[in-house]
Protein chains: 2
Amino acid sequence: MYNLILYNVYLLFNQKQMDYLKLENQACFPVYALSRVLTAHYKPILDGIDLTYPQYLVMLILWEHQELSVKEIGEKLLLDSGTLTPLLKKLENKQLISRTRSTADERVLMIRLSKNGATLKKKAVSVPESFKCSLGLSIEEMGALRDTINIILNRTKQINK
Amino acid sequence: MYNLILYNVYLLFNQKQMDYLKLENQACFPVYALSRVLTAHYKPILDGIDLTYPQYLVMLILWEHQELSVKEIGEKLLLDSGTLTPLLKKLENKQLISRTRSTADERVLMIRLSKNGATLKKKAVSVPESFKCSLGLSIEEMGALRDTINIILNRTKQINK
DNA sequence: CAAAATTAAATTTTGTACAATTTAATTTTA
DNA sequence: TAAAATTAAATTGTACAAAATTTAATTTTG
């Protein structure tokens, strides 16, 4: 924050303009790159339970809620049906979930944790610790990262509501 | 930071354990979600210059450097040839870049900004400001976000070197 | 210096992502 | 209540993204 002010004073003093078309000045690129770096760290860990990272996210939600519609899963993960439909079919093929249309409203497809899916949670409990070790960040650093990004994420959500 | 300490005291006091398998406690998910949210904000803006977000990143680099190998572009963007090769071919089809093998080492493919590619920068200068308005965050907030993520990103790079 | 190792891209395969369209079901409303 | 509007998924098409393999060129080394 202070560095930014100092830098702007420096720019002003030197009659320079911040070059917003330089990669180093981009705010979005580090987020985009970090997202891929973090997913890459998850890869070897999640290979052990035969899940990709987005599949793991769906399983996390179902371990909390047992049964949700495709729409509800999409709202939680900010993903649409074009992404979720094939992904959920893969989880069904792995017998981790069931896909059944709601009798009350047949437009709604209910996703339910299967017995195998519930059992998988026992294997998955070690994932967060393995990930933490792989990444080499402390719990505090990861918590701070999570909170910082969540603030920005919630701000952008409010803007778009 | 203080909230985290307080929360841990609360967990300890109530004999509870932080549930690292809950979506809300994930550090990676907000980064992954924010990355997609930010890219979505770029979409309508970059449509105006017929670029996708990863293509825009490549152009940003070339506006700075004019000529780089595929490998060098990959190092800057943390992307491998499997992603870059088809992307660069699309930029070549749009006549924004040229792809020529180095005479010194024919394994190396040099990517060069074309005249059209250089001209496109004039249209692109408005992109950062449009993006800022679309997102609704201040320059300070975006700068702070960039710096925070860059610290984490550099930490993970050091770990993997 | 020739075989072995390394390197740089390209290719292939699998898996997201998302926009746009379609289909089927449900709600709203004239 | 039947047509219009809305909603939820699925489908289609385009574009990454990364792992693994292949190809071709260059270096290293016995």
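Convention: sequence-line order gives letters A, B, ...; per-chain numbering from 1.
- Listed for the B:T39 side chain is a donor-acceptor partner under 3.5 Å among the backbone atoms of B:S35.
- For A:S81 and D:dA10, a side-chain-to-base donor-acceptor distance below 3.5 Å is present, hydrogens and geometry of angles not being considered.
- Among the protein residues, B:T39 comes within range of no part of the nucleic acid, since none of its heavy atoms lies under 4.0 Å from any strand.
- Taking only side-chain atoms of B:V70, from C-beta outward, the nucleotide of C:dT16, D:dA17, C:dA10 with the closest atom is C:dA10.
- Closest-nucleotide positions on DNA chain C for A:L79 and A:D105 were compared, and the one nearer the 5' end corresponds to A:L79.
- Taking atom NZ of B:K94 as the reference point, atom C1' of D:dA15 lies 10 Å away to the nearest angstrom.
- Across the protein-nucleic acid pair, A:L46 atom CG and D:dA17 atom P stand 19 Å apart, rounded to whole Å.
- One atom, CG of B:D47, and another, P of C:dC18, lie 14 Å apart when rounded to the nearest Å.
- Closest non-hydrogen pair, A:M110 versus A:S69, comes out as CE-N, 3.7 Å.
- The nucleotide whose nearest atom lies closest to any side-chain atom of B:V108 is, among D:dC16, C:dA9, D:dA8, C:dA9.
- When the nearest nucleotides of DNA chain D are assigned to B:Q55 and A:E72 by heavy-atom distance, the more 5′-ward of the two goes with A:E72.
- Between the C1' atom of C:dT16 and the CG atom of A:L51 lies a distance of 14 Å, rounded to the nearest Å.
- Side-chain nitrogen and oxygen atoms of A:R101 include none within less than 4.0 Å of the OP1 or OP2 phosphate oxygen of D:dA9.
- Contact check, A:K43 against C:dT14: no side-chain N or O comes under 4.0 Å of OP1 or OP2.
- Rounded to an integer number of Å, the gap from CZ of B:F29 to P of C:dT16 is 15 Å.
- Projected onto DNA chain C by closest heavy-atom contact, A:T52 and B:R107 fall at different nucleotides, the more 5' of which corresponds to B:R107.
- The side chain of A:R36 lies closest to D:dA17 when the candidates are D:dA9, D:dA17, C:dA8.
- In this structure, B:Y53 places its OH atom 14 Å from C1' of D:dC16, rounding to the nearest Å.
- Applying the Watson-Crick and G-U wobble criteria (two distances, each under 3.5 Å), C:dA19 pairs with D:dT12.
- Residue A:K89 has no polar side-chain atom (N or O) positioned under 4.0 Å from OP1 or OP2 of D:dA9.
- A salt bridge links B:K71 with B:E75; the closest basic N to acidic carboxylate O contact falls under 4.0 Å.
- In summary, B:R146 and A:E24 do not engage in a salt bridge, as defined by a charged side-chain N under 4.0 Å from a carboxylate O.
- Residue A:T85 has a polar side-chain atom (N or O) positioned under 4.0 Å from OP1 or OP2 of D:dA10.
- The residue B:A104 sits close only to the backbone: its heavy atoms come under 4.0 Å of sugar-phosphate atoms, none of a base.
- Note on B:R99: every side-chain N or O is 4.0 Å or more away from OP1 and OP2 of C:dA8.
- Between B:R101 and B:E106, none of the side-chain N atoms (NZ, or NE/NH1/NH2) sits under 4.0 Å from a carboxylate O, so this pair counts as no salt bridge.
- A donor and an acceptor atom, one from each side chain of B:K115 and B:Q95, are nowhere located under 3.5 Å apart.
- In this entry the distance linking CG of A:L109 with C1' of C:dA25 reads 14 Å, nearest Å.
- Look at OH on B:Y32: it is 8 Å from P on C:dT16, rounded to the nearest Å.
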